[in-house]
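Report on the structure given below.
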2 protein chains.
Amino acid sequence: MTSSLEEQCIAKGVKMTGQRRVILRVLSESTDHPDADTVFRRAAKIDPKISIATVYRTVHKLEEVNILESHDFGGDRLRYEQRPEQHHDHLIDVRTGKVIEFTNPQIEELQQRIAQELGFRLVGHRLELYAMPLKEADKPKAAGHPVHARATRRKRAR
Amino acid sequence: MTSSLEEQCIAKGVKMTGQRRVILRVLSESTDHPDADTVFRRAAKIDPKISIATVYRTVHKLEEVNILESHDFGGDRLRYEQRPEQHHDHLIDVRTGKVIEFTNPQIEELQQRIAQELGFRLVGHRLELYAMPLKEADKPKAAGHPVHARATRRKRAR
DNA sequence: TTGCTCTTGCGAATCGTTCTCATTTGTCCC
DNA sequence: GGGACAAATGAGAACGATTCGCAAGAGCAA
């Protein structure tokens with residue numbers, strides 16, 4: 001069990017403030033992968049005077065110290081999750097946007113090998129599977145990366 | 001050898017205009033993965049009165065008819081490439097931003113299997129390897145997806 | 001407290017990308 | 001070849017997630 005986010009922050013020398021405590025609480029209570037605005041709305045329920053800018057600044061700081069991780073599934077806004085102790089990849093349910101985490105050592109290995117064969121040292125990767133729940137697999141989508149087809153506005157990061 | 005982009009367009013009923021011809025020419029002469037602004041600048045060299053809006057519109061249309069594909073390596077702007085006849089993934093040289101294409105049937109298979117085991121039907125995926133050229137692998141990067149750490153402004157799409 | 005640095009709020013600024021609308025162009029048809 | 005019409009274009013405004021600037025507040029060590 002990892003220590004509370006607040007403890008982790010203190011351990012990393014991140015100054016604790018009221019707003020940060022609220023945001024940390026929101027994050028630790030989130031089991032989904034919320035985007036900045038969602039974090040903001042949840043935080044605002046606890047402290048209505050918190051500012052969206054503070055949310056952005058805080059998640060950046062948390063990324064900096066490796067407490068949070070951001071992903072941009074689907075190319076609209078960035079979504080956040082606590083940095084997992086064990087690396088995992090994501091499967092995105094294209095019907096609902098829900099994210100399922102999984103790990104697969106074989107894939108990890110293959111990636112290393114491929115990079116090496118191309119003359120590189122792997123420093124990071126992104127693997128996302130976009131999928132439809134089995135059962136009634138309708139929706140005659142054209143083809144290609146379905147994600148890009150539905151994105152709207154994009155995001156930034158430091 | 002695939003027919004010229006212009007022929008492909010005609011075959012798909014895409015109305016040919018002077019601007020589109022210019023953009024198609026730029027795209028077919030590009031061996032890199034240019035972003036919209038790069039396409040615009042290259043096109044402007046041929047037809048200085050072309051508008052950036054036209055580039056965006058054209059590129060969207062081409063995606064619609066499956067002639068182009070977009071990717072958002074690194075989360076800044078979308079980058080384009082002709083839709084390959086054979087699917088491939090990308091390795092991004094984090095030092096230069098250059099993109100290397102590769103294919104690996106084993107990985108494709110694994111992905112299918114993983115989705116299936118989770119109760120889904122794979123409809124798309126994204127696999128990107130971020131890597132440093134071997135030789136002098138310095139740069140003490142913290143960890144995590146290095147991409148997100150360097151992105152700046154984000155993008156949109158339909 | 002005092003001092004000092006880091007943080008916060010608010011609103012303005014960014015900046016890829018998209019939209020609006022008046023105008024031009026491609027295409028089909030006679 | 002001339003019209004008719006839908007579709008495409010240019011220019012600039014609009015959008016929207018994210019970031020910045022700056023004045024006011026808050027941790028925290030001494």
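Protein chains get the first letters and strands the later ones, always in sequence-line order, with residue 1 at the start of each.
Contacts of A:Ile52 with the nucleic acid, taken as non-hydrogen atoms under 4.0 Å apart, are absent.
Candidate nucleotides C:dT27, C:dT7, D:dT9 were compared by shortest atom distance to the side chain of B:Met16, and C:dT27 ranks first. Among D:dA8, D:dT19, C:dG9, the nucleotide with an atom closest to any side-chain atom of B:Lys15 is D:dA8. Nearest to the side-chain atoms of A:Tyr56 among the listed nucleotides D:dT18, D:dG10, C:dT17 stands D:dT18. Ranking C:dT8, D:dT9, D:dC20 by closeness to the B:Thr54 side chain, first place goes to D:dT9. With distances taken from any side-chain atom of B:Arg57 to the nucleotides C:dG26, C:dT7, C:dT20, the minimum falls on C:dT20.
Judged by distance alone, the side chains of A:Glu108 and A:His87 do bring a donor and an acceptor atom under 3.5 Å apart. Side-chain contact of B:Arg79 with B:Ser70: a donor-acceptor pair under 3.5 Å is absent, judged by distance alone. In this model, no donor atom of one side chain and acceptor atom of the other lie less than 3.5 Å apart for A:His88 and A:Asn104. Side-chain atoms of B:His33 and B:Gln82 form no donor-acceptor pair, as typed in the model, at a separation below 3.5 Å. There is no side-chain donor-acceptor pair under 3.5 Å between B:His125 and A:Glu128.
If you take CD1 of B:Ile10 and C1' of D:dA7, they are 16 Å apart, rounded to a whole angstrom. Atom NE2 in B:His60 sits about 16 Å away from atom C1' in D:dT9, given to the nearest Å. Between the CZ atom of B:Arg20 and the P atom of D:dA7 there is a distance of 11 Å, given to the nearest Å. B:Gln19 has its CD atom 13 Å from the C1' atom of C:dT23, to the nearest Å. In this structure, the CG atom of B:Asp37 is 9 Å from the P atom of C:dT17, given to the nearest Å. D:dT18 atom P lies 13 Å from atom CG of B:Asp72, rounded to whole Å. One can place CZ of B:Phe40 at 10 Å from C1' of D:dG10, the figure rounded to the nearest angstrom. Distance CD1 (B:Ile50) to C1' (D:dA11): 14 Å, rounded to an integer number of Å.
A sub-4.0 Å separation between OP1 or OP2 of D:dA11 and a side-chain N or O of B:Lys49 is absent. Side-chain nitrogen and oxygen atoms of B:Lys61 include none within less than 4.0 Å of the OP1 or OP2 phosphate oxygen of D:dA7. The side chain of A:Thr17 places an N or O atom within less than 4.0 Å of a non-bridging phosphate oxygen (OP1 or OP2) of C:dT8.
With the nearest nucleotide of DNA chain C identified for both B:Arg21 and B:Ala36, B:Ala36 has the one nearer the 5' end.
Residue-to-nucleotide contacts include no donor-acceptor pair under 3.5 Å from the side chain of A:Arg77 to the base of D:dG16.
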